Amino acid sequence: MHTKFLIIFLSVLFISCEEKHALRLNLTPGKIYKQTVLTQSHIYEDDIDSWADIEVSTFYKIDYKVTKREDSIFTLSCKLKEMIIEFESDFDNKIIDSKERDSGNPLDKIISNMINKEFFVVINEKGKVKEIKNTDNLYKNLFDGIPQITEEQKQKIAKTFKESFNDKTFKNNLENGFYMIPSEEVALKESWTNSFKTELNGTKMNLKNTFTLTKLKPNKYAIIAGKSFITAKINKEKSNADLNGKMTSKYKLNPFNGWIKEALITQEMKGMMEITENNQKRKTPVKIYNRIMISGY
């Protein structure tokens, strides 16, 4: 009996003394941190187990330069360095590439005019975005070098780009890579929970998350694995839906500064969607599969 008590006591003592680790952003003023993001979305209608009806892919590279640090708050100067957008459906296929400025496709030149335009993000050590400033700068001189475009076309194109790349977009994308940061120090194999809400382009999404510090090499990396439950509501001009689903995620962080070295996030949601076409409404089952890959240094 005494031996059993001693084993239990030592086990509890070992757990209580287990080393805790602070996982947080610890960025150096003057340094540039780089990030590459690839987002792939597949939308299935009617026969949700067949080929995707719509596929959208967005790839971009972005530099973040730390211009100021005040305690645990960082101001980052941000510049897009490259961007590619791909769209594929039964009716249309498009690729827009900022590197193909002289391709003859005016859309290539338009997104190339967004490259290296400075805007600012204020973020805290937990990855929470406090403020985004100057994103309108992305759209200055947007149509330079495109004399053949009409004023009406300019307004439509600018509206489309601003709906896709705005304060909310960049806030969502940046926080998407950091909301797994725990609010307190954690031990290896310890789990924590939180919730995260996004609202973007007519879609509201709520996530209830459980994260675990699965591996730690103090001089190399920390690995966090996550499982989440998703509820989403789409409310757009021609489509409405209530969706439920799940998400899995895995992050490899730099243990010194908290910056993402690698991340893979997958989301799968299903539900019923109401679509308005030719002034008539129809309901159809829908499945949305998203895959987000992030790398950085």
Side-chain angles (χ1 to χ4, degrees), residues 18-37 39 62-78 119-133 135 167-200 204-218 220-230 247-265 267 292-297:
E18 195 168 0
E19 185 179 0
K20 297 277 188 173
H21 306 277
L23 300 175
R24 56 187 173 83
L25 289 177
N26 184 25
L27 308 179
T28 303
K31 187 171 181 179
I32 295 175
Y33 297 85
K34 295 180 179 289
Q35 198 172 79
T36 299
V37 180
T39 301
I62 187 167
D63 285 359
Y64 299 95
K65 183 177 181 179
V66 184
T67 60
K68 184 168 65 173
R69 175 174 184 169
E70 293 181 348
D71 297 323
S72 61
I73 306 293
F74 307 92
T75 299
L76 309 179
S77 164
C78 314
F119 63 98
F120 294 91
V121 170
V122 180
I123 189 170
N124 69 15
E125 64 179 4
K126 301 300 183 184
K128 183 70 176 176
V129 173
K130 313 297 286 184
E131 186 180 5
I132 294 184
K133 300 181 288 187
T135 53
D167 290 4
K168 285 186 176 181
T169 305
F170 289 108
K171 180 179 186 292
N172 177 72
N173 288 345
L174 193 55
E175 287 187 340
N176 207 27
F178 292 116
Y179 65 86
M180 77 297 179
I181 293 178
S183 58
E184 306 290 340
E185 293 184 351
V186 293
L188 187 63
K189 305 300 181 182
E190 185 176 351
S191 297
W192 61 96
T193 62
N194 64 24
S195 59
F196 182 68
K197 295 182 179 181
T198 65
E199 183 176 352
L200 193 64
K204 294 181 179 179
M205 189 181 297
N206 297 321
L207 296 94
K208 293 183 177 181
N209 314 296
T210 300
F211 296 106
T212 305
L213 178 60
T214 60
K215 194 171 184 178
L216 178 70
K217 288 189 176 288
K220 293 184 177 179
Y221 57 81
I223 292 181
I224 295 172
K227 292 185 178 181
S228 308
F229 293 101
I230 304 171
M247 181 178 87
T248 59
S249 54
K250 192 170 186 178
Y251 305 85
K252 178 187 274 190
L253 305 183
N254 182 316
F256 299 107
N257 57 36
W259 198 251
I260 291 176
K261 295 164 73 74
E262 297 175 34
L264 175 61
I265 303 163
Q267 301 170 339
I292 304 165
M293 289 164 280
I294 304 170
S295 62
Y297 60 93

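Quantities reported herein were computed from a predicted structural model and do not represent experimental measurements.
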I'd like to check [X] versus [Y] (side-chain heavy atoms, cut-off strictly below 4.5 Å). Are they in contact?
X: Q267; Y: M205; answer: yes
X: W259; Y: L25; answer: yes
X: K130; Y: V121; answer: no
X: L174; Y: I123; answer: yes
X: E190; Y: L213; answer: no

Spatial distance of atom [atom1] ([X]) from atom [atom2] ([Y]) [nearest 0.5 Å]:
X: K261; Y: K252; atom1: NZ; atom2: NZ; answer: 6.5 Å
X: I224; Y: K215; atom1: CD1; atom2: NZ; answer: 14.5 Å
X: N254; Y: K220; atom1: CG; atom2: NZ; answer: 13.0 Å
X: K65; Y: I32; atom1: NZ; atom2: CD1; answer: 5.5 Å
X: D167; Y: I132; atom1: CG; atom2: CD1; answer: 5.5 Å
X: I260; Y: L253; atom1: CD1; atom2: CG; answer: 6.5 Å

Does the distance from a Lys or Arg side-chain N to an Asp or Glu carboxylate O, for E262 and K250, drop under 4.0 Å?
->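 No, this pair does not count.
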
Please step through side chain to side chain contact (heavy atoms under 4.5 Å, CB included) for the pair E125 and N26, ending with a clear verdict.
-> CA-CA 7 Å; E125 64 179 4; N26 184 25; over 6 Å; no

Chi angles and distances behind the side chain to side chain contact (heavy atoms under 4.5 Å, CB included) call for I294, T36 | CA-CA 6 Å; I294 304 170; T36 299; over 6 Å; no

Any donor-acceptor pair under 3.5 Å linking the side chain of [X] with the backbone of [Y]?
X: W192; Y: E185; value: no
X: T67; Y: T75; value: yes
X: Q35; Y: S295; value: no
X: Y33; Y: T28; value: yes
X: N124; Y: K128; value: yes

Distance-minimising heavy-atom pair for [X] and [Y]:
X: C78; Y: I62; answer: CB-CD1, 4.3 Å
X: P218; Y: P255; answer: O-CG, 3.2 Å
X: L216; Y: A222; answer: CD1-CB, 3.5 Å
X: L27; Y: N257; answer: CD2-O, 3.9 Å
X: I181; Y: L23; answer: CG2-O, 3.0 Å
X: T212; Y: K189; answer: CG2-O, 3.7 Å

Do the two ring centres, one from Y64 and one from F74, sit under 6.0 Å apart?
->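 No, the ring of Y64 stays outside the 6.0 Å limit from the ring of F74, centre to centre.
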
Are Y179 and F196 close enough that their ring centres sit under 6.0 Å apart?
->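 Centroid separation for Y179 and F196: below 6.0 Å.
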
Pairs satisfying salt bridge (charged side-chain N to carboxylate O under 4.0 Å, His left out), at least one member in residues 69-78, at least two apart |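 Only K68-E70 qualify under salt bridge (charged side-chain N to carboxylate O under 4.0 Å, His left out).
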
With a cut-off of under 6.0 Å to the ring centre and 45° to the axis, is K208 in cation-pi contact with F229?
->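 The answer is no; the distance or angle limit is not met.
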
Look at the aromatic rings of F211 and Y251 and report parallel, tilted or perpendicular, splitting at 30° and 60°.
->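 Perpendicular.
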
Any chance you could lay out the side chain to side chain contact (heavy atoms under 4.5 Å, CB included) test for L264 and M293, step after step, and finish with the verdict?
-> CA-CA 5 Å; L264 175 61; M293 289 164 280; 3.5 Å; yes

Report yes or no: do N194 and N209 form a side-chain donor-acceptor pair below 3.5 Å?
->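 Yes.
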
